[in-house]
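Owing to the predicted nature of the structure, the values given are computational and were not obtained by experimental measurement. Below, each value reflects all heavy atoms present in this structure, side chains not excepted, and no hydrogens, waters or symmetry copies.
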Amino acid sequence: MTMPEYRLLDTDEADAPGDEFEEIDVEDTEADTIARKRDREFSEFRKRIKNTEQFKVEDSVFDDATYAALYKLVQDDYIVAFGGPISTGKEANVYTALGDEDTEVAVKVYRINASDFTDMRGYLDGDPRFRGIGSDKKKVVLAWVRKEFANLKRARKAGVLVPEPIAVERNVLVMEYLGTEEGRGKRLSEVNLENPETAYEVVREYMRRLHDAGLVHGDLSEYNLIVHGDEIYVIDLGQAVTVHHPNAEEFLDRDCENVTAFFGRQGHDVTADELKEYVLDQDEDEDVAEEF
Ligand SMILES: Nc1ncnc2c1ncn2[C@@H]1O[C@H](COP(=O)(O)OP(=O)(O)OP(=O)(O)O)[C@@H](O)[C@H]1O
């Protein structure tokens with residue numbers, strides 16, 4: 001596969017880093033109320049969706065409140081029809097769906113029960129947006145989903161290409177689909193990079209912009225970088241923490257290690273220290289090529 005031109009977004013709207021993150025409401029959502037009411041219409045929806053091929057397999061892991069969240073998203077026209085699964089992971093499954101105005105969307109459904117709760121807590125503790133969240137497992141997972149939504153918004157605003165967040169309902173996140181009718185966009189690990197130097201410049205600039213906007217991805221690697229159209233996109237921002245998080249530097253170091261190790265294997269030798277220096281240097285001119 002040839003690597004086409006990469007383009008970076010403008011950073012005009014980028015916010016200064018700081019503590020000014022919006023408080024995220026993690027109280028019960030309308031979907032929980034719907035789950036409790038369980039009216040006839042909802043029962044029919046649940047029966048219908050449970051019988052579709054792609055959800056049959058999920059029968060044991062999707063709880064009623066998840067069906068209620070999906071139902072709410074359908075009612076609100078964020079989802080018009082469900083497609084197939086793109087990925088079935090330990091903590092979440094990602095599906096394609098038809099969204100409003102016939103656009104394809106990606107629907108990420110987190111599992112409340114299977115999620116690695118202890119791991120999630122480590123990322124939420126120390127994040128000013130989640131002060132006082134407590135230790136209720138359901139609340140932690142719901143906060144995680146809202147965090148991913150908020151992080152996607154913040155990253156976009158900072159000029160980092162990420163899937164556009166469209167809606168969040170309980171443990172379900174709807175976002176822009178990266179891919180074509182032929183399938184999901186490929187991960188960097190799956191493509192044959194013709195020009196790793198330029199791809200690296202884009203990724204390091206994304207890391208710097210994220211950091212300038214007060215975020216560290218925390219799980220950045222060739223598996224969470226997706227080629228879509230002519231661009232590279234960053235995904236999976238659920239675990240991204242603010243720069244004030246006590247482990248932010250450790251996460252940044254790990255991201256730098258992963259990214260440089262990958263590009264090293266592509267024949268572009270760069271060190272994690274160089275990358276970190278670039279990410280943290282806010283005064284340096286943005287010398288990344290806008291087009292290449
Ligand atoms: N918006 C999207 N458009 C297209 N594909 C997507 C999108 N979001 C996720 N994917 C696909 O689904 C996979 C899993 O997504 P993601 O990494 O967000 O979930 P995860 O549960 O954290 O996965 P993992 O446990 O593998 O890290 C991605 O590797 C990617 O291939």
Side-chain angles (χ1 to χ4, degrees), residues 6-22 119 122-131 147-148 150-162 188-189 193 195-226 231-292:
Y6 298 114
R7 191 170 49 75
L8 291 162
L9 294 181
D10 292 337
T11 50
D12 293 355
E13 288 191 340
D15 282 350
D19 244 329
E20 74 284 9
F21 291 98
E22 57 281 9
D119 208 36
Y123 285 92
L124 290 172
D125 286 339
D127 189 321
R129 296 172 294 179
F130 296 97
R131 257 179 227 129
K147 175 152 103 83
E148 179 156 11
N151 287 344
L152 287 170
K153 276 213 286 204
R154 178 156 284 267
R156 271 182 83 84
K157 217 172 163 199
V160 178
L161 279 177
V162 297
L188 267 200
S189 61
L193 280 180
N195 197 344
E197 290 84 358
T198 52
Y200 170 72
E201 280 183 30
V202 170
V203 174
R204 75 172 180 171
E205 183 59 25
Y206 284 169
M207 291 175 73
R208 175 148 88 175
R209 288 182 184 185
L210 270 183
H211 198 273
D212 287 355
L215 287 177
V216 171
H217 186 285
D219 190 24
L220 197 62
S221 73
E222 62 273 29
Y223 302 104
N224 282 330
L225 291 161
I226 304 286
E231 325 275 2
I232 294 176
Y233 281 66
V234 182
I235 62 159
D236 200 11
L237 274 89
Q239 74 293 312
V241 297
T242 74
V243 293
H244 310 288
H245 190 285
N247 302 113
E249 187 161 4
E250 187 192 314
F251 295 151
L252 177 62
D253 286 339
R254 197 172 59 196
D255 286 353
C256 290
E257 291 286 349
N258 288 338
V259 166
T260 52
F262 168 72
F263 282 101
R265 290 194 298 277
Q266 306 301 307
H268 182 47
D269 280 329
V270 270
T271 67
D273 285 347
E274 275 165 18
L275 176 55
K276 186 176 178 186
E277 200 178 316
Y278 183 88
V279 171
L280 297 179
D281 185 359
Q282 292 168 18
D283 298 321
E284 200 176 305
D285 284 336
E286 284 181 13
D287 54 0
V288 66
E290 288 290 317
E291 302 210 4
F292 29 80

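Among the candidates Asp236, Leu152, Ile226, Leu210, the single residue satisfying the side-chain contact (heavy atoms from CB on, under 4.5 Å) test with Val162 is Leu152. Each of Glu257, His211, Glu249 was scored for a side chain to side chain donor-acceptor pair (under 3.5 Å) with Lys276, with one residue passing: Glu249.
In this structure the side chain of Val234 reaches within 4.5 angstrom of the side chain of Leu225, judged on heavy atoms. Using a 4.5 Å cut-off on side-chain heavy atoms (C-beta onward), Leu280 and Leu252 make contact. Within the 4.5 Å cutoff, side-chain heavy atoms of Val203 are placed close to those of Phe263. With a 4.5 Å cut-off on side-chain heavy atoms, Tyr278 and Val270 do not count as touching. Contact annotation: the side chain of His217 never approaches that of Phe251 to less than 4.5 Å [non-hydrogen atoms, C-beta and beyond].
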**Q.** Steps toward side-chain contact (heavy atoms from CB on, under 4.5 Å) verdict (Arg204, Arg208)
**A.** CA-CA 6 Å; Arg204 75 172 180 171; Arg208 175 148 88 175; over 6 Å; no
(Q) Apply side-chain contact (heavy atoms from CB on, under 4.5 Å) to residues His245 and Val216 and explain how you reach the verdict. (A) CA-CA 9 Å; His245 190 285; Val216 171; over 6 Å; no
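Salt bridge annotation for Glu250-Arg254: absent, with no cationic side-chain nitrogen under 4.0 angstrom from a carboxylate oxygen.
Between the CG atom of Asn258 and the CG atom of Leu275 there is a distance of 10.5 Å, given to the nearest 0.5 Å. Atom-to-atom distance recorded for Ile232:CD1 and Glu222:CD is 12.0 Å, nearest 0.5 angstrom. Residue Tyr200 holds its OH atom at 11.0 Å from CG of Asp269, rounded to the nearest 0.5 Å. Taken from CG in Leu220 to CD in Gln239, the straight-line distance is 9.0 Å, to the nearest 0.5 Å. Rounded to the nearest 0.5 Å, atoms OH (Tyr233) and OH (Tyr206) are 7.5 Å apart. The CG atom of Leu193 sits 5.0 Å away from the CD atom of Gln266 when rounded to the nearest 0.5 Å.
Heavy-atom minimum distance, Phe262 versus Ser189: CE1-CA, 4.3 Å. Across all non-hydrogen atoms, the minimal contact from Asp255 to Met207 is CB-CE, 3.9 Å. Annotation for Lys147 and Gly238: closest pair NZ-O, 3.0 Å, computed over non-hydrogen atoms. In plain terms, the two heavy atoms of Cys256 and Ala272 that are nearest each other are CB-O, 3.7 Å.
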